[in-house]
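A note on names: the letters A, B, ... follow the listed sequences, proteins ahead of strands, and every chain is numbered from 1.
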2 protein chains.
Amino acid sequence: MIRLFIAEDQKMLLSALGSLLDLEKDMEVIGQAVNGEEALSSILKLKPDVCLMDIEMPVLSGLDVAEQLSQRGSHSKVIILTTFARPGYFERAVKNGVHGYLLKDGEIDELADAIRKCMTGKRIFSPELTFDLIREENPLTEREQQILRMASLGKTTKEITSELYLSSGTVRNYISEIIQKLEAKNRTEAASIAKTKGWI
Amino acid sequence: MIRLFIAEDQKMLLSALGSLLDLEKDMEVIGQAVNGEEALSSILKLKPDVCLMDIEMPVLSGLDVAEQLSQRGSHSKVIILTTFARPGYFERAVKNGVHGYLLKDGEIDELADAIRKCMTGKRIFSPELTFDLIREENPLTEREQQILRMASLGKTTKEITSELYLSSGTVRNYISEIIQKLEAKNRTEAASIAKTKGWI
DNA sequence: TTGTAAAAATGACATTTGTCATCTGATTTC
DNA sequence: GAAATCAGATGACAAATGTCATTTTTACAA
């Protein structure tokens with residue numbers, strides 16, 4: 001019997017996946033969570049065989065949870081299940097040693113198959129992901145990402161300086177650098193590009 | 001027997017909903033679609049009793065489909081099923097005479113109940129939606145929305161002028177007006193606000 | 001210890017952006 | 001037909017943004 005845990009913030013999908021996978025004769029869903037924090041603590045407690053994990057969840061993202069689990073020596077296998085084939089996400093997932101990365105773009109049956117394959121030790125990746133465009137690495141440093149995230153909400157240079165305790169010139173230098181790295185025209189376009197690539 | 005049609009671009013959720021609702025003894029899923037265009041033509045052909053419809057789909061949005069259906073005198077009831085409680089979405093849905101607006105935030109069972117209630121002629125709305133904040137009308141004119149959409153991609157004033165054949169001053173006047181209406185600090189924040197409210 | 005590389009700051013500059021008051025034509029409306 | 005309304009335009013101004021060359025500070029590996 002494969003003991004499953006599901007973390008997914010869209011409750012309708014969570015409950016649907018739960019019901020359907022529970023119907024499989026060789027699987028049982030032993031826990032669910034709607035945010036990363038709950039997921040992390042439950043997984044450490046319940047030690048499921050396989051965790052299905054969404055990325056975009058409140059509090060902690062699925063990638064954060066995967067990172068924590070690997071750091072704390074958990075033996076539960078993690079399969080990332082997400083809408084987004086963003087380069088940055090995939091890159092981080094691989095770095096954190098996940099056992100699978102699937103898009104919410106396949107049928108449920110494929111998912112069940114993937115879980116069984118994963119149990120045998122294989123790593124499972126959606127075919128869409130193996131192509132190059134996904135391999136694009138995030139060119140932005142931590143600091144740059146942080147600043148661009150703030151800029152993308154419309155925060156002004158001044159607001160950013162006072163939150164980060166940097167001088168106005170420094171912030172503008174960072175943004176200038178970001179704009180060049182992303183080949184954008186201005187901060188707004190840079191934010192738009194970075195978002196679609198999953199870099200911020 | 002309630003004849004259902006489901007339109008949803010996230011295939012995993014589509015197939016999960018399909019399987020689960022088909023299990024209900026009084027329902028049968030007679031068709032599915034992953035984009036608005038397919039959905040529209042299939043619904044006109046199959047004349048299902050109830051359509052579950054996502055909003056954010058390729059080609060035509062769920063709201064576009066609902067609009068078309070009501071214009072063409074379809075008798076199929078439409079239930080919008082979406083992640084987003086955005087004022088603009090809700091406003092448009094109501095204008096187009098949909099029979100329900102549910103968030104993908106409930107359990108599957110609630111969904112099945114809602115469908116049955118809908119069949120009796122009742123209109124079904126997620127309780128989260130009935131509060132005021134959702135009632136906020138889109139304060140932006142068509143033109144303003146169009147310009148803000150362009151600005152949100154990082155297009156400069158100059159690029160906008162040449163796409164719309166307006167003078168640079170006019171574009172800046174529009175953006176200035178938009179910023180005041182949305183109580184933002186700059187175009188980027190205006191875009192961020194408008195997006196979360198579903199106004200662009 | 002030196003060398004190298006980030007991270008952060010400075011100053012000077014050109015451009016872009018946001019604001020505001022005012023002006024012109026159309027189109028409605030009374 | 002006069003008045004109000006609306007989409008655009010203009011010009012002038014201040015503030016914010018983006019660019020670049022140069023410098024300081026810190027960190028850390030050889």
Side-chain angles (χ1 to χ4, degrees), chain A residues 67 71 87-88 91-92 95 136-200, chain B residues 88 91-92 95 136-197 199-200:
Chain A
E67 190 176 353
Q71 278 177 17
E91 187 194 341
R92 269 194 71 192
K95 276 198 188 125
E136 281 182 69
E137 276 199 27
N138 189 340
L140 305 178
T141 65
E142 268 305 322
R143 199 54 151 172
E144 287 166 348
Q145 291 171 40
Q146 183 185 28
I147 288 172
L148 186 53
R149 263 192 298 274
M150 298 172 87
S152 78
L153 298 174
K155 296 198 177 171
T156 61
T157 301
K158 208 186 292 175
E159 289 172 310
I160 298 176
T161 63
S162 67
E163 268 191 66
L164 301 183
Y165 304 102
L166 294 177
S167 85
S168 130
T170 303
V171 171
R172 280 155 63 199
N173 285 340
Y174 274 116
I175 291 188
S176 181
E177 183 66 20
I178 291 168
I179 289 172
Q180 289 184 314
K181 283 190 180 177
L182 303 186
E183 299 179 64
K185 284 183 303 295
N186 52 46
R187 50 177 77 193
T188 311
E189 197 190 22
S192 163
I193 293 172
K195 253 182 211 158
T196 62
K197 302 254 188 181
W199 288 335
I200 59 168
Chain B
E91 188 194 341
R92 270 195 70 194
K95 279 200 186 123
E136 284 182 66
E137 276 198 28
N138 190 339
L140 305 178
T141 66
E142 267 305 321
R143 199 52 150 177
E144 287 165 347
Q145 290 172 41
Q146 183 184 27
I147 287 173
L148 187 52
R149 262 191 299 273
M150 298 171 89
S152 78
L153 298 173
K155 296 197 178 172
T156 61
T157 302
K158 207 186 291 175
E159 290 172 310
I160 297 176
T161 63
S162 66
E163 268 191 65
L164 300 183
Y165 303 104
L166 294 176
S167 86
S168 129
T170 303
V171 171
R172 280 156 64 200
N173 285 341
Y174 273 116
I175 291 187
S176 181
E177 183 65 21
I178 292 168
I179 288 171
Q180 289 185 312
K181 283 189 180 178
L182 304 187
E183 298 179 64
K185 284 184 302 294
N186 52 48
R187 50 178 76 195
T188 311
E189 196 190 23
S192 163
I193 292 172
K195 253 182 211 159
T196 62
K197 301 253 188 182
W199 288 335
I200 60 169

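- Side-chain contact between B:E177 and B:T141 is absent, with no heavy atoms from C-beta onward closer than 4.5 Å.
- Atom pair A:K155:NZ and D:dT17:C1' shows a separation of 18 Å (rounding to whole Å applied).
- Taking every side-chain heavy atom of A:S167 into account, C:dA9 is the closest of C:dA9, C:dT17, C:dT16.
- With hydrogens and angles left out, the side-chain atoms of A:R149 and A:Q146 include no donor and acceptor closer than 3.5 Å.
- The phosphate of D:dC20 has OP1 or OP2 within less than 4.0 Å of a side-chain N or O from A:Q180.
- Comparing B:T141 and A:I175 by the nucleotide of DNA chain D that holds the closest heavy atom to each, the one mapping nearer the 5' end is B:T141.
- Rounded to whole angstrom, the span from the NZ atom of B:K158 across to the P atom of D:dT17 amounts to 19 Å.
- Comparing C:dT17, D:dT10, D:dG8 by their closest approach to the side chain of B:N173 singles out D:dT10.
- Between the CD atom of A:E189 and the P atom of C:dT17 there is a distance of 12 Å, given to the nearest Å.
- Of the candidate nucleotides D:dA9, C:dC20, C:dT17, D:dA9 has the atom lying nearest to any side-chain atom of B:L166.
- Other residues, nucleotides and ligands place no more than 12 heavy atoms under 6.0 Å from the NZ atom of A:K158.
- At whole-Å resolution of the value, NZ in B:K185 and P in D:dA16 are 12 Å apart.
- The distance from atom CD1 of B:I179 to atom P of C:dC20 is 11 Å, rounded to the nearest whole Å.
- A side-chain donor from one of B:T188 and A:T188 sits under 3.5 Å from a side-chain acceptor of the other.
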> Could you go step by step and tell me if B:L140 and B:I178 meet the side chain to side chain contact (heavy atoms under 4.5 Å, CB included) rule?
Replying inline: CA-CA 7 Å; B:L140 305 178; B:I178 292 168; 4.2 Å; yes
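- Going from atom CD of A:E177 over to atom P of C:dA8 covers 13 Å, rounded to whole Å.
- Of the candidate nucleotides D:dA9, C:dG18, D:dC20, D:dA9 has the atom lying nearest to any side-chain atom of B:T170.
- Taking only side-chain nitrogens and oxygens, B:S176 comes nearer than 4.0 Å to OP1 or OP2 of C:dT19.
- One interatomic measurement links the two molecules: CG of A:N186 to P of C:dG18, which rounds to 10 Å at whole-angstrom precision.
- Taking atom CZ on A:R143 and atom P on D:dT26, their separation rounds to 15 Å, with Å as the unit.
- Contact check, B:Y174 against D:dG8: a side-chain N or O comes under 4.0 Å of OP1 or OP2.
- In this model, the phosphate group of C:dT16 is not approached by any side-chain N or O of B:R172 to a distance below 4.0 Å at OP1 or OP2.
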